[in-house]
Amino acid sequence: MIEILNPTLLARAETTGALVGDILQTLRTRSTIGTNLLDIDRWAEKMIVEAGASSCYVDYAPSFGRGPFGHYICTAVNDAVLHGLPHDYTLADGDLLTLDLAVSKGGVAADAAISFIVGEPRSPEDVAMIDATERALAAGIAAAGSGARIGDISHAIGTVLGEAGYPINTEFGGHGIGSTMHQDPHVANTGRPGRGYKLRPGLLLALEPWVMADTAQLVTDADGWTLRSATGCRTAHSEHTIAITDGGAEILTLSR
């Protein structure tokens with residue numbers, strides 16, 4: 001389903017997006033050396049509930065996961081990149097942490113992710129990899145004007161990631177979002193310009209460039225959810241929810 005939001009729902013999407021951005025930035029500040037991933041999950045739960053919102057993850061049970069996710073945020077560390085199930089792990093100096101959060105409020109969902117180093121970076125390669133996903137995200141957003149096509153976004157993202165030297169996996173990528181978290185169209189992290197669905201004002205998209213340092217192959221963790229790099233290399237992931245407007249793309253999940 002491809003959903004086009006009316007002005008009332010778009011206003012609600014802005015509220016939801018701001019909430020997601022604010023929660024992620026608060027959690028980034030709190031996630032320091034010695035923080036347990038389960039504490040991050042509890043903090044996320046508290047902020048979501050206090051805002052009168054609901055988690056898109058707790059009851060989420062897609063075909064690629066093992067039963068309901070059961071937590072409020074995805075926490076992926078080092079070689080984990082997507083769908084990181086919070087567990088009893090204490091963050092150490094130099095860990096590369098990704099927080100991915102999707103929340104619904106007022107009947108509209110928003111989804112965003114950030115990657116950052118806990119403490120001091122272990123290597124400049126980690127910093128460069130995070131930067132590449134952020135630059136790819138910015139390029140995808142810049143390509144997402146009304147009348148453009150999904151392939152234009154995918155091509156912009158893939159160009160940045162490819163030029164930075166990262167293998168690109170196309171199993172998981174960006175997606176439509178609105179009354180539910182995951183909708184059509186799929187937005188691959190590489191593609192051909194001028195192809196695919198034509199963007200219309202009122203469309204919401206969650207764009208999410210993610211990479212693994214030296215492989216495009218994923219493996220599923222024993223927890224049935226967490227996706228890791230097949231080689232054990234480090235990973236990074238950046239995501240924003242955007243709204244397509246007559247004047248271009250509006251980022252909804254910036255922290256206010």
Side-chain angles (χ1 to χ4, degrees), residues 20-21 23-44 71-101 111-140 157-173 189-190 207-223 225-240 253-255:
V20 169
I23 291 175
L24 281 177
Q25 288 306 315
T26 298
L27 293 175
R28 177 174 186 159
T29 301
R30 292 185 182 180
S31 300
T32 58
I33 298 167
T35 299
N36 192 287
L37 298 184
L38 294 176
D39 288 332
I40 297 174
D41 188 55
R42 283 190 284 267
W43 295 334
H71 290 270
Y72 289 79
I73 191 167
C74 295
T75 56
V77 183
N78 296 335
D79 65 323
V81 64
L82 298 174
H83 314 152
L85 194 72
H87 59 285
D88 185 13
Y89 175 81
T90 299
L91 293 171
D93 189 27
D95 276 346
L96 200 166
L97 174 63
T98 297
L99 302 177
D100 189 348
L101 179 69
D111 189 1
I114 54 174
S115 289
F116 57 96
I117 307 297
V118 177
E120 294 298 320
R122 181 180 299 179
S123 72
E125 287 78 13
D126 288 348
V127 177
M129 184 166 52
I130 295 170
D131 177 69
T133 64
E134 292 175 346
R135 289 188 290 108
L137 178 56
I157 290 172
T159 297
V160 173
L161 298 181
E163 288 178 350
Y166 297 107
I168 301 173
N169 176 293
T170 56
E171 294 174 77
F172 296 94
N189 284 328
T190 189
L207 306 184
E208 47 182 315
W210 60 274
V211 293
M212 301 175 284
D214 61 16
T215 183
Q217 185 177 351
L218 293 164
V219 294
T220 304
D221 200 48
D223 63 21
W225 275 100
T226 305
L227 296 178
R228 299 182 182 275
S229 62
T231 61
C233 67
R234 310 266 272 195
T235 70
H237 177 194
S238 296
E239 179 179 14
H240 272 309
T253 46
L254 292 171
S255 174

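Please read all numbers here as calculations on a predicted model, not as lab measurements. Both backbone and side-chain heavy atoms feed into the values below; hydrogens, waters and symmetry mates do not.
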Checklist entry - Run the side chain to side chain donor-acceptor pair (under 3.5 Å) check on Tyr89 and Asp95 step by step: do they pass? => result CA-CA 11 Å; Tyr89 175 81; Asp95 276 346; 2.8 Å; yes

If only atom types and distance count, is the side chain of [X] paired as donor or acceptor with the main-chain N or O of [Y] below 3.5 Å?
| X | Y | answer |
| --- | --- | --- |
| Asn189 | Asn169 | no |
| Thr35 | Arg30 | yes |
| Thr98 | Val81 | no |
| His237 | Thr235 | no |

Of the non-hydrogen atoms in [X] and [Y], which two are nearest, and what is the gap between them?
| X | Y | answer |
| --- | --- | --- |
| Glu208 | Gly173 | OE2-O, 3.1 Å |
| Thr215 | Ala230 | CG2-N, 4.1 Å |
| Glu125 | Tyr166 | O-OH, 4.2 Å |
| Val118 | Thr32 | CG1-C, 3.6 Å |
| His240 | Leu137 | CD2-CD2, 3.6 Å |
| Trp225 | Thr220 | N-CG2, 4.2 Å |

Item to check | pair Leu37-Val77: side-chain heavy atoms closer than 4.5 Å | outcome: yes

Item to check | Trp43 side chain reached by Ile23 side chain, heavy atoms, under 4.5 Å | outcome: no

Item to check | Test log, rule side-chain contact (heavy atoms from CB on, under 4.5 Å), inputs Leu227 and Phe172 | outcome: CA-CA 11 Å; Leu227 296 178; Phe172 296 94; 3.5 Å; yes

Measure the spacing between [atom1] of [X] and [atom2] of [Y] and express it to the nearest 0.5 Å.
| X | Y | atom1 | atom2 | value |
| --- | --- | --- | --- | --- |
| Ile117 | Met129 | CD1 | CE | 7.5 Å |
| Leu96 | Ser115 | CG | OG | 6.0 Å |
| Leu91 | Ile33 | CG | CD1 | 9.0 Å |
| Arg135 | Thr133 | CZ | OG1 | 9.0 Å |
| Ile40 | Cys74 | CD1 | SG | 12.0 Å |
| Asp111 | Thr253 | CG | OG1 | 8.0 Å |

Checklist entry - Looking at Thr75, Asp41, Ile114, Leu99, which hits side-chain contact (heavy atoms from CB on, under 4.5 Å) with Leu27? => result Leu99

Checklist entry - Are Arg234 and Arg122 close enough, and set up right, to give a side-chain contact (heavy atoms from CB on, under 4.5 Å), and what steps lead you there? => result CA-CA 11 Å; Arg234 310 266 272 195; Arg122 181 180 299 179; 3.2 Å; yes

